[in-house]
Number of protein chains: 2
Amino acid sequence: MKTLRVPEATVSRLSIYSRFLERLDKNGITTVSSGEIADGVGVSPAQVRKDLAYFGDFGTRGVGYNVKDLLKYTLKILGLDQEWPLAIVGAGNLGFALCTNRSLSIRGFRIAGVFDNNSTRVGKRIGNLEIKPLAQFPEIVKKENIRIGVIAVHTSLAQEVADIMVKSGMQAILNFSPATINVPDGIEIRNVDLSIKLELITFNLGLRTAQNL
Amino acid sequence: MKTLRVPEATVSRLSIYSRFLERLDKNGITTVSSGEIADGVGVSPAQVRKDLAYFGDFGTRGVGYNVKDLLKYTLKILGLDQEWPLAIVGAGNLGFALCTNRSLSIRGFRIAGVFDNNSTRVGKRIGNLEIKPLAQFPEIVKKENIRIGVIAVHTSLAQEVADIMVKSGMQAILNFSPATINVPDGIEIRNVDLSIKLELITFNLGLRTAQNL
DNA sequence: GACTGTGAAGCCATTCACAGCT
DNA sequence: AGCTGTGAATGGCTTCACAGTC
């Protein structure tokens, strides 16, 4: 299988294009140009074309891209043509929000288990999902064939939870805590940091103030 | 004032170094080397030195960096030596989680207002904060001197909320919805996407499966 | 005429390797 | 000897500009 080196930034943008295409498709639009995609998501047309070209020749010169087809391709490339069950550890406010947020329960994702060790939470329901004790994590992820774990616990517990996830065979971990997590080679760890972007903002606003703009 | 061009990636890492330094300081550690910081946050030592060198000569050759001093410098650089009041729009599960999450209420940030238009939410409290109707956004942000708005509403309302924020004088917006938001030049918009990293994971796991690894 | 696909150029960020200080 | 600060080299991503196709 041909596996070229694709920039991560390209894959991230592919997610964004894909969602934009879903919207176009829902609105009954059948054809789209790189320029229209670019306008819609805020990048340059050349970027859109280059990104898509990593994966094939999806467009028609002089015409553009077929929305339905391109949508299908992007979903396929991102691996979203199959279902990905997720296991979330941490049923506090953040875990709760993730369970009910559409982002993690559409486009191929399904939350298949929520775990917590806080006895006031275990047994309660989030939607039609029952919060299970962390001890049941290994058996449930095996039964449900879960390969991706989501960390939504407090910083101080994050590494511990990650270790359990690794031991239970998770192949990838999405970490919503600000902790730096260590995992063995071969396991993918991704962090979603809720405050880094905020500190980028204050850095920039600080500069602005310093320059009296 | 000296304003060199600093890579955004450098500023983001500075946030991470800064948090790591807080931890060291709390543990009573007084001196740290670029190698130790690198190990602690998962980057290369050269990267740490280069990043810090953008802002000054904070270290001592042969010794390392003074933890307390470097922490203070990083906070100053990030603009976190002052208080930044935030206004969150959207008091659903995500907004609620953000209000209660420590990430947005430490290190210089303070949630100074939460707004929603859903009448079942308005008037309720999150901690010691009362959810206000969106109509009060302009007057409250003026009174509280808020420059940064946080969008935690559903995708379909995100642009509308952003427009209100811009009209009310927000200088920067942190957007937690997957919508692509348009703002005038001079206003900073940053997106925190809850699912892009997840789709990066499925992309990579998909490749792995394709290669039978 | 319109729009894609792509080599080449340009730009930005990271890594290397070492001089310089303690 | 140990560690920082930094020019130089490398690597990676984005933009440019245009040939190719409809």
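In what follows, every chain begins at residue 1, and chains take the letters A, B, ... in the order their sequences are listed.
For the pair A:Leu52 CG and C:dG5 C1', the computed distance is 11 Å after rounding to whole Å. With rounding to whole Å, B:Arg13 atom CZ is found 8 Å from C:dT14 atom C1'. A straight line from CZ of B:Arg5 to C1' of C:dC12 spans 10 Å, rounded to a whole angstrom. In this structure, the CD1 atom of A:Ile37 is 12 Å from the P atom of C:dC3, given to the nearest Å. To the nearest angstrom, P of C:dT14 lies 11 Å from CD of B:Glu8. In this entry the distance linking CG of A:Leu70 with C1' of C:dC3 reads 14 Å, nearest Å. Taking atom CD of residue A:Gln47 and atom P of nucleotide C:dG5, one finds them 15 Å apart after rounding to whole Å. Protein atom CG of A:Asp51 is 13 Å distant from nucleotide atom P of C:dT4, rounded to whole Å.
Listed pair A:Tyr65 / C:dG5 meets the phosphate criterion, a side-chain N or O lying under 4.0 Å from OP1 or OP2.
Aromatic pair B:Phe58/B:Tyr65: centroids not less than 6.0 angstrom apart.
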Give the table of side-chain donor-acceptor pairs shorter than 3.5 Å for residues 181-191 of chain A, with sequence neighbours excluded, one pair per line with atom names and distance.
unit_1: A:Glu188; atom_1: OE2; unit_2: A:Arg190; atom_2: NE; d: 2.8
unit_1: A:Glu188; atom_1: OE2; unit_2: A:Arg190; atom_2: NH2; d: 3.0
unit_1: A:Glu188; atom_1: OE2; unit_2: B:Asn204; atom_2: ND2; d: 2.9
unit_1: A:Arg190; atom_1: NH1; unit_2: A:Glu8; atom_2: OE1; d: 3.0
unit_1: A:Arg190; atom_1: NH1; unit_2: A:Glu8; atom_2: OE2; d: 3.2
unit_1: A:Arg190; atom_1: NH2; unit_2: A:Glu8; atom_2: OE2; d: 2.7
unit_1: A:Asn191; atom_1: OD1; unit_2: A:Asn175; atom_2: ND2; d: 2.9

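Side chain of A:Ala53, nearest nucleotide from C:dT14, C:dA19, C:dG5: C:dG5.
Under the 3.5 Å distance criterion, with hydrogens and angles disregarded, a donor-acceptor pair is assigned to the side chains of B:Arg107 and B:Ser18.
To the nearest 0.5 Å, atoms CG (A:Leu174) and CD1 (B:Ile201) are separated by 5.0 Å.
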Report task. Show the numbers, then the answer: is there a side chain to side chain contact (heavy atoms under 4.5 Å, CB included) between A:Tyr17 and A:Val43? Result -> CA-CA 10 Å; A:Tyr17 303 156; A:Val43 302; 3.9 Å; yes

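Mapping A:Arg61 and B:Ser34 onto DNA chain D by nearest heavy atom places B:Ser34 closer to the 5' end of the strand. Both A:Ala9 and A:Thr60 lie close to DNA chain D; mapped to their nearest nucleotides by heavy-atom distance, the more 5′-ward contact belongs to A:Ala9.
A salt bridge links A:Arg19 to B:Asp193: at least one charged side-chain nitrogen sits closer than 4.0 Å to a carboxylate oxygen. We find that B:Glu144 and B:Arg110 are joined by a salt bridge, their nearest charged nitrogen and carboxylate oxygen being less than 4.0 Å apart.
The span of DNA chain D lying next to chain A, judged by atoms under 4.0 Å from heavy atoms, is bounded 5' to 3' by D:dC13 to D:dC22.
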